[in-house]
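We name chains A, B, ... by the order of the sequence lines, and we start the count at 1 in each one.
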Amino acid sequence: MSKIINVIKGTKDILPKDIPSWHRLESVALDVFSRYGYKEIRTPIFEATELFARGVGDTTDIVNKEMYTFEKSDRSLTLRPENTAGVVRSFIENGMSRLSAPVKLWYHGPMFRYERPQAGRQRQFHQVGVEMFGIEQPTADAEVILLAVNYLKSLGLNDLTVEINSLGCPTCREAYKAKIKEVLKPEFDNLCEDCQNRYERNPLRLLDCKVESCKEIFEKPEIKKVIQSDFICEDCAEHFSQLKSYLDTMGVRYSENKLLVRGLDYYNRTVFEIKSNNLGSQNAVCGGGRYDRLVRNLGGEDTPAVGWAMGMERLNSLLPEVEAEKLDAYVVSNFPKEAFMLAEKLRAEGKSVEFDLTNKKFTKQLEKASKVANFALILGEDEIKSGTVSVKNLATSEQNTVKENEVLALL
RNA sequence: GCGGGUGUCGUCAAGUGGUUAAGACCUCGGAUUGUGGUUCCGAUAUGCAUGGGUUCGAAUCCCAUCUCCCGCCCCA
């Protein structure tokens, strides 16, 4: 035997026994999202590298060190690390801004990020997500969050925590960033290496550093005062408080988390995450927010938008496995041609039917039938002579011999 | 990218330097030439992630690489 080739690090086969669980995520998504008026969209899994550099943001870890990028015919292409940029590209390219707002889209599929694999994190993983375009009112933010909560509820997940925050608009956020940088300037050399990096790239991320020495710095009164100040402008504050009031009305339980920043550059105003306590350190099942500037940044008309994505592997790990369905029937017979014909006839009627292709002994066939099917259809010499089939319910052992054309009604 | 652990059959595992590497499940065959799910019997790793090294002798000790897991970073 020659050397076997393994799946590459951070990727996984989704095997037949896992497929029912994946079908559940997809079919519940189709069902719930359709009720909110969302249409599915499928975009390519690779795009121009520039789409992600401009879309996701070139200060983000995702773009800086996690993308699978390759050259082909002098073009730089990238396996999508997330799907918002791709959906926005398609929205613009297909003139969807001419459709009457809101335009509601959903998707599911594989994403690729070059990260160190661990529990709940792979290099190829799957996301299901939604995007809503054209509505700037907080009703959109609220509906999208409600949709996420109801999707999770429909899957059977109730004990999850919704966290929300507002990042403000470019104007008020830049002012806030400037203030943070100013007040931390004297302490710059005392910050950890990560924080020194973040200081320039994304000062908002400084706030939830776990290093003790940094935490101490952020506890200093004059610094704490700046960090905890309500920096967002009146309009943003109004938007945020309306969102909260809608969530209250709709009975969505949430907590505010000022440290919730999110790593993608395109967010403004509302950001949110939904977390589970049963996932270890990779505990976010859902992340999203508003991204009012992205469509314009990617060359489209100014279009407000809001959306989220969920990690499907993480969802599956929180849910009980879905059992595979048994066959409707297994034909037990030592007459392959007759067995073949019976199986085909029932298959044409929509039943799932198998029979033994190797003509094993009767008892072996029945044993197999009991493992894989609900009914055994016994087709021996006696039955063939009389044009009948013995239908055996394998759960109750009940057996009836009926005319061949009556079999269908018993399954 | 950094730090710590891990790896024996398809699966779960025993084995911690000394003859043929336990056991269980799964799979396959037989007991049983038309009645299964129970039972009984049998088969299935010349090999212990991979490659080197130490030793008379290595699954066991050492080194390297890889995997998966845990934490950091980040994220779904």
Query raised in the report: Residues two or more places apart in sequence or in another chain: which of them pass side-chain contact (heavy atoms from CB on, under 4.5 Å) with Ser245(A)?
Result: none

Contacts under 3.5 Å, N or O only, protein and nucleotides 30-32 of chain B:
from: rA31(B); atom 1: OP2; to: Lys361(A); atom 2: NZ; distance (Å): 3.0

Report summary line: Of Gly10(A) and Ile378(A), the one whose nearest nucleotide on RNA chain B sits closer to the 5' end is Ile378(A)

Query raised in the report: With a 4.0 Å cut-off, would you call Glu349(A) and Lys351(A) a salt bridge?
Result: no

What are the atom names and distances for every N/O pair under 3.5 Å that joins the protein to nucleotides 40-45 of chain B?
none

Query - Minimum-distance nucleotide to Asp61(A) side chain [options: rG37(B), rC74(B), rC2(B)] - result: rC74(B)

Query raised in the report: When the distance from CZ of Arg116(A) to P of rG5(B) is rounded to whole Å, what number comes out?
Result: 13 Å

**Report entry** Listed once per pair and sorted, the side-chain hydrogen bond (donor to acceptor under 3.5 Å, both in side chains) pairs that draw on residues 17-32 of chain A, sequence neighbours left out
**Finding:** Asp31(A)-Arg35(A)

Query raised in the report: Which whole-number value in Å describes the distance from Asn6(A) CG to rC68(B) C1'?
Result: 12 Å

Query raised in the report: Are the side chain of Asn165(A) and the backbone of Val271(A) linked by a donor-acceptor contact shorter than 3.5 Å?
Result: no

Requested in this report: Test Phe133(A) against Val306(A) for side-chain contact (heavy atoms from CB on, under 4.5 Å), laying out the working first.
Outcome: CA-CA 7 Å; Phe133(A) 296 94; Val306(A) 57; over 6 Å; no

Report task. Give Gly380(A) one of three labels, base, sugar-phosphate or nothing, depending on what nucleic acid heavy atoms sit under 4.0 Å from its own. Result -> base

**Report entry** rA31(B) to rG37(B) separation - P atoms, rounded to the nearest Å
**Finding:** 14 Å

Query raised in the report: Can you check the Leu15(A) CG to rU11(B) C1' distance for me, whole Å?
Result: 13 Å

Report summary line: Ser76(A) and Thr49(A) have their tightest heavy-atom pair at OG-OG1, 2.7 Å

Pair up each side-chain donor or acceptor in residues 335-344 of chain A with any protein partner under 3.5 Å, not counting sequence neighbours, and list the distances.
from: Glu344(A); atom 1: OE2; to: Arg347(A); atom 2: NH1; distance (Å): 2.9

Report task. Please determine, for the side chain of Lys9(A), which listed nucleotide (rU67(B), rC72(B), rG37(B)) has the closest atom? Result -> rU67(B)

Report task. May I ask you to check whether Phe355(A) and Tyr330(A) place their ring centres under 6.0 Å from each other? Result -> no

Requested in this report: Provide the distance between the two C1' atoms, one in rU20(B) and one in rU46(B), to the nearest whole Å.
Outcome: 10 Å

Query - Most 5' of Asn393(A) and Gly120(A) on RNA chain B, judged by nearest nucleotide - result: Asn393(A)

Requested in this report: Determine the Euclidean distance between corresponding P atoms of rC26(B) and rU38(B); express it in Å to zero decimal places.
Outcome: 8 Å

Query raised in the report: Within the structure, does a side-chain N or O atom of Gln118(A) lie under 4.0 Å from either OP1 or OP2 of rG71(B)?
Result: yes

Query raised in the report: Between rG36(B) atom C1' and Lys368(A) atom NZ, what is the distance in whole Å?
Result: 13 Å

Report summary line: Lys360(A) has its side chain closest, among rG29(B), rG36(B), rC74(B), to rG29(B)

Requested in this report: Give a yes or no on whether the backbone of Asn374(A) and the side-chain of Asp328(A) come within a donor-acceptor separation of less than 3.5 Å.
Outcome: no

Report task. Using atom CG of Asp382(A) as one end and atom P of rU35(B) as the other, report the distance to the nearest whole Å. Result -> 12 Å

**Report entry** Separation between the P atoms of rA58(B) and rC48(B), rounded to whole Å
**Finding:** 12 Å

Requested in this report: Write down the distance separating the P atoms in rU44(B) and rG29(B), rounded off to the nearest Å.
Outcome: 16 Å

Query raised in the report: Should rU19(B) form a Watson-Crick or G-U wobble pair with both distances under 3.5 Å, which nucleotide is its partner?
Result: none

Report task. Kindly state each residue pair satisfying side-chain hydrogen bond (donor to acceptor under 3.5 Å, both in side chains) with at least one member in residues 305-326 of chain A, sequence neighbours excluded. Result -> His126(A)-Glu313(A)

Query raised in the report: Is there a Watson-Crick or G-U wobble partner for rG47(B) with both distances under 3.5 Å, and if so, which one is it?
Result: none

Requested in this report: Indicate yes or no: does Lys177(A) engage Glu174(A) in a salt bridge with an N to O separation below 4.0 Å.
Outcome: yes

Query raised in the report: Any luck finding a side-chain donor-acceptor pair between Glu131(A) and Thr84(A) under 3.5 Å?
Result: yes

Report task. Could you work out which one of rU67(B), rU27(B), rG1(B) sits closest to the side chain of Lys371(A)? Result -> rU27(B)

Query raised in the report: Does the base of rG34(B) carry an N or O that pairs as donor and acceptor with the side chain of Glu383(A) under 3.5 Å?
Result: yes

Requested in this report: For Lys275(A), report the nucleic acid contact type (base, sugar-phosphate, nothing); a contact means any heavy atom under 4.0 Å.
Outcome: nothing

Query - base_contact_polar (rU35(B) base, Glu367(A) side chain, donor-acceptor, <3.5 Å) - result: no

Report task. Run the numbers on Ser390(A) and Asn400(A) for side-chain hydrogen bond (donor to acceptor under 3.5 Å, both in side chains), then give the verdict. Result -> CA-CA 5 Å; Ser390(A) 294; Asn400(A) 294 301; over 6 Å; no

Report task. Write down the distance between CG (Leu377(A)) and P (rG36(B)), rounded to a whole number of angstrom. Result -> 17 Å

Query raised in the report: Taking CD from Glu66(A) and C1' from rG1(B), how many angstroms apart are they, rounded to a whole number?
Result: 11 Å

Query raised in the report: What integer number of Å spans the C1' atoms of rA21(B) and rA45(B)?
Result: 8 Å

Report task. Could you check which nucleotide pairs with rC2(B) in any of the strands shown, counting Watson-Crick or G-U wobble with both distances under 3.5 Å? Result -> rG71(B)

Query raised in the report: Contact class for Glu273(A) (heavy atom, under 4.0 Å): base, sugar-phosphate, or nothing?
Result: nothing

Query raised in the report: When the P atoms of rU6(B) and rU54(B) are considered, how many whole Å apart are they?
Result: 25 Å

Query raised in the report: Has Lys392(A) got a side-chain N or O lying under 4.0 Å from the OP1 or OP2 atom of rU35(B)?
Result: no

Query raised in the report: Who is the Watson-Crick or G-U wobble partner of rU32(B), with both distances under 3.5 Å?
Result: none

**Report entry** Spacing between Lys12(A) atom NZ and rC69(B) atom C1', to the nearest angstrom
**Finding:** 10 Å

Query raised in the report: Base, sugar-phosphate, or nothing for Ala369(A), non-hydrogen atoms under 4.0 angstrom?
Result: nothing

Query raised in the report: Which part of the nucleic acid, if any, lies within contact of Ala395(A), taking any heavy atom under 4.0 Å across all strands shown: a base, the sugar-phosphate backbone alone, or nothing?
Result: base

Requested in this report: Take atom C1' in rC9(B) and the same atom in rA24(B), then report the distance between them in whole Å.
Outcome: 13 Å

Query raised in the report: Is there a Watson-Crick or G-U wobble partner for rC26(B) with both distances under 3.5 Å, and if so, which one is it?
Result: none

